[in-house]
Amino acid sequence: NLGQWDTPARFVGRGAGMTVRAEPGAISLQLPGEGKGEGVLVRLVFEGARAEAAIVGDGRLSGARHFFLGSDPSRWRSDVAVYARVLYRDLYPGIDLALRFDGAALEYDVLVEPGADLSRVVVRCEGATAVEREDSGRLVLRTALGVLSQRAGRTWQVRGDGGEFNRSCRLVPLGEQRFGLEVPGRDASLATVIDPSLTWSTYLGGGSGPPPGDVA
């Protein structure tokens, strides 16, 4: 965002049936309604995150975007870079977050350095009417128009020699529309990667919308 959008978001992406805004300390999801309806706004707010965490583009893609919005030329922007993903660097001490689209899902990788405290990652789901964990382990964020389904995805740790081994991850509701992440048996002396994914499904018969997008 170079000033073409009137939003605090540093990057905006469209894909997986939603508009995603990478904001300081939060991910904002604009979920569509029926036809030209307003839809629903859900914000995933990372409680206790570092306000000064840098939000940067990673994996620049070929081409660029041009924005000639409205009648004020001072708001027009050209040659805006496009990236495969967005990184929140040191969102919590020793913990980065990478945001990207993967097919019909929005994924955010939680990158935990050795010694970092995973329990500090607490997400508040503003705009959701309920946050529930199903027996399958899937976390459901209910809204007035549909549900955001969240799966823990693959979780693994990295040994000193670069080898990887899988771990399991649990998405744990914490009450008041909040949840955290748990990795049972995690070796805190090793790096850990958690790869949750979010898909959107409306009550109106729609699926998760158009496939992959990028972020500008």
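These figures come from a predicted structure and were not determined experimentally.
For L190 against R159, the heavy-atom pair with the smallest separation is CD2-CA, 4.2 Å. Closest approach of P24 and P8 over heavy atoms only: CD-O, 3.7 Å. G39 and Q30 get closest at one heavy-atom pair: C-NE2, 4.2 Å. Between A116 and R186, the closest heavy-atom pair is O-NH2, 2.9 Å. Here the shortest heavy-atom pairing between V20 and L106 reads CG2-CD2, 3.9 Å. Residues A152 and C169 share a closest heavy-atom pair of CB-O, 3.6 Å.
The local environment of CG in D72 is crowded, with over 12 non-hydrogen atoms from other residues, nucleotides or ligands closer than 6.0 Å. Around atom CG of D135, no more than 12 heavy atoms belonging to other residues, nucleotides or ligands sit under 6.0 Å away. The number of heavy atoms from other shown groups lying within 6.0 Å of CD (E176) does not exceed 12. Around the CZ atom of R75, the shell of radius 6.0 Å holds more than 12 heavy atoms that belong to other residues, nucleotides or ligands. Surrounding CZ of R89 are at most 12 heavy atoms belonging to other residues, nucleotides or ligands under 6.0 Å away.
Interatomic distance, OG of S136 versus CZ of R151, reported as 5.5 Å (0.5 Å rounding). Of the inter-residue distances, the one linking Y83 atom OH with D58 atom CG reads 9.5 Å to the nearest 0.5 angstrom. Atom CZ in R120 sits 8.0 Å away from atom CD1 in I95 (nearest 0.5 Å). Between atom CD of residue E107 and atom CD1 of residue I194 there is a gap of 13.0 Å, rounded to the nearest 0.5 Å. Atom CD of residue E23 and atom CG of residue N1 lie 10.5 Å apart, to the nearest 0.5 angstrom. Atoms CG and CG, from L87 and L97 in turn, are 8.5 Å apart once rounded to the nearest 0.5 Å.
Judged by distance alone, the side chains of T192 and Q157 do bring a donor and an acceptor atom under 3.5 Å apart. Counted by atom type alone, S149 and R138 present one or more donor-acceptor pairs between their side chains at under 3.5 Å.
Of the possible donor and acceptor atoms, one in the side chain of W76 sits under 3.5 Å from a partner among the backbone N and O of G70. One N or O on the side chain of Q177 and one on the backbone of A128 form a donor-acceptor pair closer than 3.5 Å. At distances below 3.5 Å, not a single donor-acceptor pair connects side-chain atoms of R167 with backbone N or O atoms of W156. Distance alone, capped at 3.5 Å, places no donor-acceptor pair between the S28 side chain and the R43 backbone. Not a single donor-acceptor pair under 3.5 Å links the side chain of E52 to the backbone N or O of R50.
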Problem - Steps toward side chain to side chain contact (heavy atoms under 4.5 Å, CB included) verdict (V110, L181) - result: CA-CA 10 Å; V110 182; L181 306 168; 3.9 Å; yes
Exercise for the section: Test R21 against T19 for side chain to side chain contact (heavy atoms under 4.5 Å, CB included), laying out the working first. Expected result: CA-CA 7 Å; R21 298 179 177 89; T19 298; 4.2 Å; yes
Practice task
Would you check, one step at a time, whether the test side chain to side chain contact (heavy atoms under 4.5 Å, CB included) holds for T155 with N166?
Solution key: CA-CA 6 Å; T155 298; N166 291 332; over 6 Å; no
Practice task
Begin with the C-alpha distance, continue with both residues' side-chain angles, and end with the deciding distance and a verdict on side chain to side chain contact (heavy atoms under 4.5 Å, CB included) for H66 and D79.
Solution key: CA-CA 6 Å; H66 310 286; D79 297 319; 3.2 Å; yes
Exercise for the section: Show the numbers, then the answer: is there a salt bridge (Lys or Arg N to Asp or Glu O under 4.0 Å) between R100 and D195? Expected result: CA-CA 11 Å; R100 58 191 170 86; D195 184 15; 3.4 Å; yes
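Annotation: side chain of C125 is in contact with side chain of F179 (closest heavy-atom distance under 4.5 Å). Contact check for V42 versus L31: side-chain heavy atoms found under the 4.5 Å cut-off. The shortest side-chain heavy-atom distance between D109 and L99 does not fall under the 4.5 Å cut-off. Side chains of V86 and Y108 form no contact here, defined as non-hydrogen atoms less than 4.5 Å apart. Between V12 and W5 there is a side-chain heavy-atom pair separated by less than 4.5 Å. Side-chain contact between P73 and F68 is absent, with no heavy-atom pair separated by less than 4.5 Å. V147 places none of its side-chain heavy atoms less than 4.5 Å from the side chain of L141. A 4.5 Å side-chain heavy-atom check between M18 and L148 finds at least one atom pair inside the cut-off.
Criterion: ILVMFWY side-chain heavy atoms under 4.5 Å apart, direct or through other members. Under it, V112 and L44 are part of a common hydrophobic cluster. L174 and V121 sit in two unconnected hydrophobic clusters of ILVMFWY residues. Membership requires side-chain heavy atoms under 4.5 Å apart, directly or through other members.
For the side-chain contact (heavy atoms from CB on, under 4.5 Å) with L171, the qualifying choice from V131, V140, V123, L139 is L139, the only one to do so.
Using bins of under 30°, 30° to 60° and over 60° for the plane-to-plane angle, the ring pair Y88/F46 lands in the tilted bin.
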